[in-house]
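Below: the structure, in structure tokens.
FYI, side chains are in, hydrogens and waters are out, and symmetry mates aren't considered; it's all heavy atoms of this structure. Atoms within a ligand are numbered from 1 in the order they appear, just like the ligands themselves.
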Amino acid sequence: MKKILVIHGPNLSLLGKREPQIYGMVTLKQINAKLKSIAKKKKVSLTIIQSNHEGEIVDAITKASSRYQGVLINPAAYTHTSVAIRDALVASGLPTVEVHLSNIYSREEFRQKSLISPVAKGVILGFGQQSYYLGLETLIEII
Ligand code: DQA
């Protein structure tokens, strides 16, 4: 069975309470449940983590390279700052799909640059929770 690592970056544990006008009312638990149900239907195994710590995310990606076939990641605020996460993704050699709930290109200028997008297979953004589900389905097709 193919295995995918799903990574939620900082502050995504607060979904449902955090800026609902931008991120909606959906909770991370609800998103994860739906991701699991998509994976089950497609007969793929998912490991899901959320971390507020850049180094922890780097470690998870590094360990994933021998155990997983792909990475679905919402790097959250690290999207715009983390050379370390980008380098870890490249080093892992794993196909990566980057997702965002919001359309980062319609927001503040500092969000309009992703350090991750150039090393991702593709990016899905702006569709709220649907970005995750489309991202997972696409990644499953790729691997
Ligand atoms: C986000 C967009 C980022 O700019 C922000 O820091 C987040 C969430 C999104 O999913 O829209 O935490 O990645």
Side-chain angles (χ1 to χ4, degrees), residues 2-42 44-65 67-143:
K2 295 261 169 76
K3 291 167 91 177
I4 290 176
L5 178 63
V6 178
I7 303 173
H8 303 288
N11 300 310
L12 292 171
S13 54
L14 302 174
L15 286 179
K17 290 184 279 215
R18 174 189 179 208
E19 298 180 274
Q21 71 286 4
I22 296 174
Y23 300 117
M25 293 301 290
V26 71
T27 64
L28 195 60
K29 208 172 153 191
Q30 290 167 332
I31 290 176
N32 288 341
K34 175 80 177 168
L35 289 173
K36 289 266 182 197
S37 101
I38 293 170
K40 201 172 168 196
K41 272 191 211 131
K42 304 266 183 181
V44 167
S45 151
L46 281 196
T47 301
I48 304 179
I49 62 166
Q50 188 277 325
S51 177
N52 296 325
H53 305 281
E54 187 176 21
E56 251 175 46
I57 295 173
V58 169
D59 287 346
I61 295 167
T62 304
K63 283 190 202 125
S65 79
R67 299 182 201 165
Y68 294 86
Q69 282 72 51
V71 176
L72 180 74
I73 185 167
N74 182 348
Y78 289 139
T79 306
H80 319 295
T81 61
S82 183
V83 176
I85 291 175
R86 173 188 170 131
D87 286 351
L89 288 168
V90 172
S92 78
L94 293 172
T96 298
V97 173
E98 175 187 350
V99 298
H100 298 282
L101 296 146
S102 66
N103 178 353
I104 57 175
Y105 300 105
S106 69
R107 300 184 61 195
E108 302 95 324
E109 207 180 333
F110 67 87
R111 291 186 206 277
Q112 293 178 18
K113 169 108 187 137
S114 167
L115 298 187
I116 308 302
S117 299
V119 305
K121 275 272 177 203
V123 186
I124 299 179
L125 58 92
F127 300 116
Q129 57 183 303
Q130 200 62 29
S131 297
Y132 276 99
Y133 313 144
L134 294 169
L136 178 61
E137 279 167 2
T138 309
L139 182 58
I140 292 170
E141 291 304 316
I142 291 170
I143 64 174

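- Here the OG atom belonging to S102 is positioned 11.0 Å from the CD atom belonging to Q21, to the nearest 0.5 angstrom.
- A distance of 6.0 Å or more separates the ring centres of Y105 and H100.
- One side chain, S114 or E98, offers a donor N or O that lies under 3.5 Å from an acceptor on the other.
- No cation-pi contact links K34 to Y132, judged by a cut-off of 6.0 Å to the six-membered ring centre and 45° from its axis.
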Which N or O atoms of ligand 1 sit under 3.5 Å from a protein N or O, and how far apart is each pair?
from, atom 1, to, atom 2, distance (Å)
ligand 1, 4 (O), H80, NE2, 2.7
ligand 1, 4 (O), R111, NH1, 2.9
ligand 1, 6 (O), A77, N, 3.2
ligand 1, 6 (O), R111, NH1, 3.1
ligand 1, 10 (O), N74, ND2, 2.9
ligand 1, 10 (O), L101, N, 2.8
ligand 1, 11 (O), L101, N, 3.3
ligand 1, 11 (O), S102, N, 2.9
ligand 1, 11 (O), S102, OG, 2.6
ligand 1, 12 (O), R18, NH1, 3.1
ligand 1, 12 (O), R18, NH2, 3.0
ligand 1, 13 (O), N74, OD1, 2.8
ligand 1, 13 (O), H100, ND1, 2.8

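- Other residues, nucleotides and ligands contribute more than 12 heavy atoms inside 6.0 Å of the OH atom of Y133.
- The backbone N or O of K17 lies less than 3.5 Å from no partner atom in the side chain of Y23, so there is not a single donor-acceptor pair.
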